[in-house]
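Computed from a prediction, not measured in an experiment: that's the story for all the values here.
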Amino acid sequence: FNIYSSGLVIHNYPPSSTLNFRLFSITVHFVYSNYFLVIIMLCGDGVYFSRALVEENNNMILTCLALPLVLLIPFILRKLKVLNLNPNALFVYNLFMFFADFLGCVVGLYNKTTYYDVVMHFVSGFSTALLGMVLYNYLAKKEKDNKILKYTYIVGFCMAIAAFWEIFEFFGDNTLGMNLQHSIDTGVRDTMEDIICAVMGMFTYLGVFTLSRSNSSFHKFIEKISVN
C-alpha cells in the first residue's frame with residue numbers, strides 16, 4: 001500500500017524480510033517526524049505572524065509568510081513531476097528549515113545568538129553537498145545523456161569557480177592589504193564569511209564521503225534519503 005506524506009510515497013516491504021520490515025518502520029518514523037516538525041513550525045510561525053500584525057512589523061510579516069511557501073516546495077516539485085523525495089530526504093529538508101528558517105529567521109536567532117549565522121552557513125554547505133550527491137545519483141540513473149544533469153553541473157561548476165575567486169580576492173584584501181573586492185567601499189566581509197563557511201561545510205562533506213567506506217553508516221544514510 002502507499003502512504004502519502006507531503007507528496008511522498010512509502011513502499012510496503014515483504015513481512016518475511018526482517019531487514020526490509022526494519023527499513024519500513026524507520027520510514028514510518030520519518031513520516032511522523034515530518035508531521036511533527038511541520039506542525040511545530042507552522043504553529044510557531046502563526047504566533048510570530050500574529051504578533052507582527054499587531055506590531056505592524058512588515059519585515060516580520062513577510063518572513064512569516066515565506067516559511068509556509070518554503071515548506072511547500074517538495075510538494076510542488078512532486079506535483080510538477082520534477083522530483084519525488086522520500087520521507088527520509090524530506091526529514092533532512094524539514095530539519096534544516098527548522099533550524100535555518102524557523103529558528104534563524106522567524107524566532108530571530110541569527111540576531112540574538114552569536115555565531116548562529118556562521119554555524120548555519122557551515123551546515124548549509126554540508127547539506128547542499130549532500131543534496132547535490134542525492135540529485136546526481138537520481139539524475140544519473142535516468143539517462144546517460146541527461147540535459148538536466150549537464151545543466152546542473154555546468155551551473156554548479158561556474159558558481160563554484162566564481163565563489164572560489166571571491167574567496168581568493170577576500171584573502172588577498174585581508175592578508176596583503178589589497179582592495180580587489182572594494183570592501184572598503186562596499187563592506188562585503190559578512191557575505192564572504194558566509195560563503196567561506198558554506199565552502200568549508202562542502203569540503204567537510206566531501207572529506208567524510210571520501211574517507212568513509214562504501215558500507216559505512218554514512219553511505220547507507222545517503223542511500224536512505226535518495227529520491228525515487
Side-chain angles (χ1 to χ4, degrees), residues 59-60 62-63 66-67 69-70 73-74 83 89 91-140 146-214 216-219 221-222 225-227:
N59 290 332
M60 180 55 69
L62 293 176
T63 300
L67 179 59
L69 297 178
V70 172
I73 290 178
L83 191 64
F91 176 76
V92 175
Y93 177 82
N94 286 333
L95 188 64
F96 179 75
M97 287 300 108
F98 176 78
F99 286 102
D101 202 344
F102 177 67
L103 292 182
C105 297
V106 177
V107 178
L109 290 187
Y110 285 129
N111 298 322
K112 298 176 182 178
T113 306
T114 307
Y115 299 121
Y116 190 83
D117 180 60
V118 173
V119 172
M120 288 313 304
H121 276 91
F122 178 85
V123 174
S124 72
F126 190 95
S127 303
T128 303
L130 176 62
L131 175 62
M133 179 66 70
V134 171
L135 288 177
Y136 177 82
N137 292 337
Y138 169 73
L139 294 173
N146 192 300
K147 290 184 178 180
I148 298 178
L149 181 60
K150 285 183 178 179
Y151 296 155
T152 302
Y153 174 80
I154 291 171
V155 172
F157 183 79
C158 292
M159 292 182 67
I161 294 298
F164 281 122
W165 179 256
E166 292 300 323
I167 292 173
F168 168 76
E169 289 187 344
F170 177 75
F171 278 109
D173 291 349
N174 286 271
T175 57
L176 301 177
M178 305 170 72
N179 193 27
L180 298 173
Q181 288 188 308
H182 301 282
S183 56
I184 297 176
D185 307 323
T186 60
V188 296
R189 184 177 186 85
D190 180 69
T191 301
M192 291 308 305
E193 288 178 350
D194 292 344
I195 293 175
I196 291 171
C197 288
V199 171
M200 290 174 61
M202 176 195 69
F203 277 121
T204 301
Y205 169 83
L206 292 176
V208 174
F209 181 82
T210 303
L211 297 176
S212 58
R213 297 180 179 179
S214 58
S216 65
S217 57
F218 184 72
H219 281 260
F221 173 73
I222 294 176
I225 67 172
S226 294
V227 295

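Across all their heavy atoms, Y116 and L109 have their closest contact at CB-O, 3.7 Å. Of all heavy-atom pairs spanning V107 and L103, the tightest one is CB-O, 3.3 Å. Counting all heavy atoms, side chain and backbone alike, V70 lies closest to Y93 at O-OH, 2.6 Å.
L130 CG to F96 CZ: the interatomic distance, rounded to the nearest 0.5 Å, is 11.5 Å. Separating the CE atom in M120 from the OG atom in S127 is a distance of 7.0 Å, to the nearest 0.5 Å. To the nearest 0.5 Å, atoms SG (C197) and CG (D117) are separated by 8.0 Å. Note that the CZ atom of F122 and the CD1 atom of I196 stand 13.5 Å from one another [nearest 0.5 Å]. Here M202 contributes atom CE and T204 contributes atom OG1; the two are 9.0 Å apart, rounded to the nearest 0.5 Å.
The number of heavy atoms from other shown groups lying within 6.0 Å of CE (M200) does not exceed 12. Applying the 6.0 Å contact sphere to CZ of F168 captures no more than 12 heavy atoms from other residues, nucleotides or ligands.
Residues passing the ring-ring contact (aromatic ring centres under 6.0 Å, His included) test with F99: none are found, sequence neighbours excluded. Among residues two or more places apart in sequence or in another chain, the side-chain hydrogen bond (donor to acceptor under 3.5 Å, both in side chains) test is passed with S216 by none.
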>> For I195 and F170: C-alpha separation, side-chain torsions, deciding distance, then whether side-chain contact (heavy atoms from CB on, under 4.5 Å) applies.
In response: CA-CA 11 Å; I195 293 175; F170 177 75; over 6 Å; no
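Between the side chain of Y110 and the main chain of A100, a donor-acceptor pair closer than 3.5 Å is present. Here the side chain of S124 pairs a donor or acceptor atom with the backbone of H121 at under 3.5 angstrom.
Using a 30° and 60° split on the angle between ring planes, Y205 and F126 fall in the perpendicular class, above 60°.
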